[in-house]
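In what follows, a structure is listed as structure tokens, so that the remarks can point back to it.
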Amino acid sequence: MELIVKVGGQDRRVEIHRNERGYELELDGQVHHLDAVTAGARVRSLVADGVQHEVVVRPRRDGGYWVSTGGTVTAAEVVDPLTHLAQKSRGGSGDGGKRQVRAYMPGRVVAVLVEVGATVVAGQGVVVLEAMKMENEIASERGGVVAKVHVAPGEAVEGGDLLFEIE
Amino acid sequence: METRRRFEKVLIANRGEIAVRVIRALADLGRRSAVIYSDPDRAGLPVLLADEAYRIGPAASRESYLKAEAIVELALRIGADAIHPGYGFLSENARFARLCREAGVCFIGPPPEAMEAMGSKVECRRRMIDAGVPVVPGGRDPLPDLDTAREAAERIGYPVMLKAASGGGGKGMRRVMNPEELAPAFRTARSEALASFGDDSVYLERLIDRPRHIEIQVLGDHFGKVVSLGERECSLQRRQQKVLEEAPSPFATRELRRAMGEAAVAAASAVGYTNAGTCEFLVDASGAFYFLEMNTRLQVEHPVTELVTGLDLVALQIAIAEGYPLPPGLENLEPRGHAIEVRLYAEDPYAGFTPSPGRIELLRLPEGPGVRNDCGVYEGGEVSIHYDPMLAKLIVWGADRPQAIARLGRALAELRVEGIKTSTPLFRRLLSDPDFVAGNLDIGMLDRKLAAGELRPEPVPGLEDVVVIAAALEHFEAGARVAASGPKDGGRRARWRERGRQEALRRWS
């Protein structure tokens with residue numbers, strides 16, 4: 001099975017097959033013989049050529065994964081080559097040009113700093129969220145015009161909730 | 001002092017790891033523990049471990065853990081003999097201590113009069129000077145004009161620090177290295193103080209360049225005896241919040257320990273202090289030390305003292321409050337070995353230390369020789385947005401500092417926390433920092449290193465390949481699982497090799 005793994009802005013091609021001892025996995029033209037088992041709810045133990053890696057894999061809301069190993073957490077997305085091609089031909093943006101600003105943590109909305117129709121620049125704070133006695137400004141990653149505001153002061157939000165849409 | 005009495009039941013007016021710590025001390029002594037909880041803490045670890053648990057109110061601290069009257073009433077209603085306040089919340093609230101006294105419930109801590117004496121900056125400074133405790137040279141009196149400032153600076157001796165009288169957090173603070181710098185610094189400090197606090201009064205203190213923060217643990221009983229249990233080095237701070245503490249201080253000699261211990265005992269005795277408390281000092285490179293303030297409660301970092309003295313400070317707090325004299329042999333204790341504590345916060349050290357509440361999806365605590373966990377959470381539990389983000393403390397002991405550092409490194413490598421971000425990667429990085437390893441610490445060191453980007457995680461070669469392989473494998477197996485549960489059931493089947501098929505079904509369904 002051929003898969004494209006998107007990590008750190010790069011597309012990595014992986015060819016993966018199961019065999020009687022585990023998996024045969026080709027990455028960057030190199031073949032790895034892999035023994036992989038689960039070691040708890042989300043823990044995987046991967047042994048490649050005698051070297052063990054303990055990896056924790058958690059699904060993300062968007063269908064991708066959080067992969068934790070060696071003290072770091074990395075976001076990874078996995079697609080099959082056909083989906084990958086289709087995504088590329090659409091230019092990567094399938095949301096009609098709207099950019100969504102989401103809460104990256106749960107908290108309470110303390111203030112909404114912009115209104116619908118206002119122009120924001122990249123990095124500008126749009127919402128102030130309070131969590132754990134600290135106020136944190138959520139910034140828009142992109143510049144544009146505020147199309148929709150989904151929250152109001154006093155509301156509680158979960159991590160990943162939609163706060164704003166920017167055109 | 002009233003007569004000795006045994007506490008059969010103690011109410012803990014706190015939450016999180018410190019509530020767990022007190023529950024354990026009580027259980028060790030064979031006493032009953034009762035905890036209060038706010039709504040989001042209903043399923044918290046203290047409630048699960050205590051003998052009794054009582055709802056105190058909704059999430060907001062004001063309506064729960066800070067409700068002094070309600071807590072005292074509860075203690076009376078449930079027949080608790082004493083209240084342990086932990087740290088934070090009501091622990092340094094003299095009014096609360098007084099309420100307890102009036103209700104006839106023992107407050108496990110110092111008398112309210114001692115709290116008040118130590119709580120007032122001006123009053124405290126005067127009493128410390130009278131008791132012969134060294135304080136930072138300077139005066140708290142506002143300086144009306146430049147001439148007065150000049151006189152004061154000459155008297156104190158350069159370099160000096162200008163500080164806003166109603167200030168804090170570095171605003172309105174100016175270093176003045178020599179007489180020429182005084183006039184412009186005086187002007188800017190005043191205008192900054194006015195802009196920030198609406199009050200332009202400033203005062204002068206001797207500037208202590210790159211000081212260490214070293215504190216002395218004291219215990220006082222109700223028979224007039226106060227002892228020092230040695231020092232803790234707490235110089236590693238981020239924005240004046242301690243992040244790593246150790247005992248003994250790599251800087252302290254036997255002579256410095258004794259001199260600081262005597263000063264701390266004098267400070268505590270001057271205000272009639274009883275129970276556990278901590279005198280904080282700034283220490284300069286020459287070993288001169290200056291009293292900063294006294295924390296009139298059990299400290300977060302008390303376990304490092306416990307590990308190098310072999311004492312249980314919470315048990316001693318209880319014994320003192322019950323009216324027992326301090327046990328013999330506590331004077332001039334020399335630390336045995338070396339202990340280091342790190343505070344695990346639910347925050348992302350590489351995204352501006354933003355809080356990271358959420359569900360703890362995986363928690364595996366380190367174990368083995370010399371490792372102690374004071375943890376207030378469990379796997380599957382929620383880290384609430386409402387309270388301080390400290391989850392747990394990891395404390396290690398070694399025969400000497402290098403062994404303690406090595407064990408801390410090993411313990412941090414064993415630690416797994418998933419679902420929320422924690423400060424762990426920063427500690428892993430800090431352990432290989434040459435200044436930390438050499439013990440060259442001062443209170444500004446961590447902030448300087450963070451600002452310079454020195455403590456970023458080091459890239460591990462080949463790690464991204466592991467991520468790619470793990471993600472691909474996960475997707476491959478997830479696909480196999482979907483296919484296997486499809487209508488034809490003829491597809492590939494997930495077959496992670498496991499101990500039993502039962503387990504496999506549970507894990508992957």
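Chain letters run A, B, ... following the sequence lines, proteins first and then strands; every chain starts at 1.
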With a 4.5 angstrom heavy-atom cut-off, could you sort out which part of [X] is near chain B: side chain, backbone, both or neither?
| X | result |
| --- | --- |
| A:Glu77 | neither |
| A:Val78 | both |
| A:Leu34 | side chain |

Judged by atom type as modelled, is there a donor-acceptor pair below 3.5 Å linking the side chain of [X] to the main-chain atoms of [Y]?
| X | Y | result |
| --- | --- | --- |
| B:Asp348 | B:Tyr350 | yes |
| A:Ser68 | A:Val73 | no |
| A:Asp35 | A:Val47 | no |

Is [X] in contact with chain A via its backbone, its side chain, both, or neither, using a 4.5 Å heavy-atom distance?
| X | value |
| --- | --- |
| B:Thr424 | neither |
| B:Pro425 | side chain |
| B:Ala413 | neither |
| B:Tyr345 | neither |

With chain B, which of [options] has the greatest number of heavy-atom pairs at distances under 4.5 Å?
| options | value |
| --- | --- |
| A:Val14, A:Ile4, A:Thr72, A:Thr69 | A:Thr69 |
| A:Asp28, A:Val43, A:Val56 | A:Val56 |
| A:Arg58, A:His53, A:His32 | A:Arg58 |
| A:Leu25, A:Ile16, A:Val7 | A:Ile16 |

Nearest heavy-atom neighbours spanning B:Arg428 and B:Leu415: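 Minimum heavy-atom contact is NH2-O, 3.5 Å.
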
For B:Tyr65 against B:Tyr37, the heavy-atom pair lying closest together: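 Between these two residues, the closest heavy atoms are OH-CA, 3.4 Å.
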
Between [options], who has the most heavy-atom pairs with chain A when the cutoff is under 4.5 Å?
| options | result |
| --- | --- |
| B:Val460, B:Ile420, B:Asp465 | B:Asp465 |
| B:Glu361, B:Glu464, B:Lys421, B:Glu418 | B:Glu418 |
| B:Gly419, B:Gly358, B:Ala351 | B:Gly419 |

Neighbour count >12 (heavy atoms, 6.0 Å) for atom CD, A:Gln52: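 Buried by this count: over 12 neighbours within 6.0 Å.
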
Positive for side chain to side chain contact (heavy atoms under 4.5 Å, CB included) with B:Arg15, one of B:Val20, B:Asp41, B:Ile36, B:Leu45: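 Only one of B:Val20, B:Asp41, B:Ile36, B:Leu45 forms a side chain to side chain contact (heavy atoms under 4.5 Å, CB included) with B:Arg15, namely B:Asp41.
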
Check ion pair B:Lys449-B:Glu454 (N to O, under 4.0 angstrom):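 Yes, B:Lys449 and B:Glu454 are salt-bridged.
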
Residues A:Glu155 and A:Arg108 bridged, charged N to O under 4.0 Å: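 Looking at A:Arg108 together with A:Glu155, the answer is no, because their closest N to O distance does not fall below 4.0 Å.
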
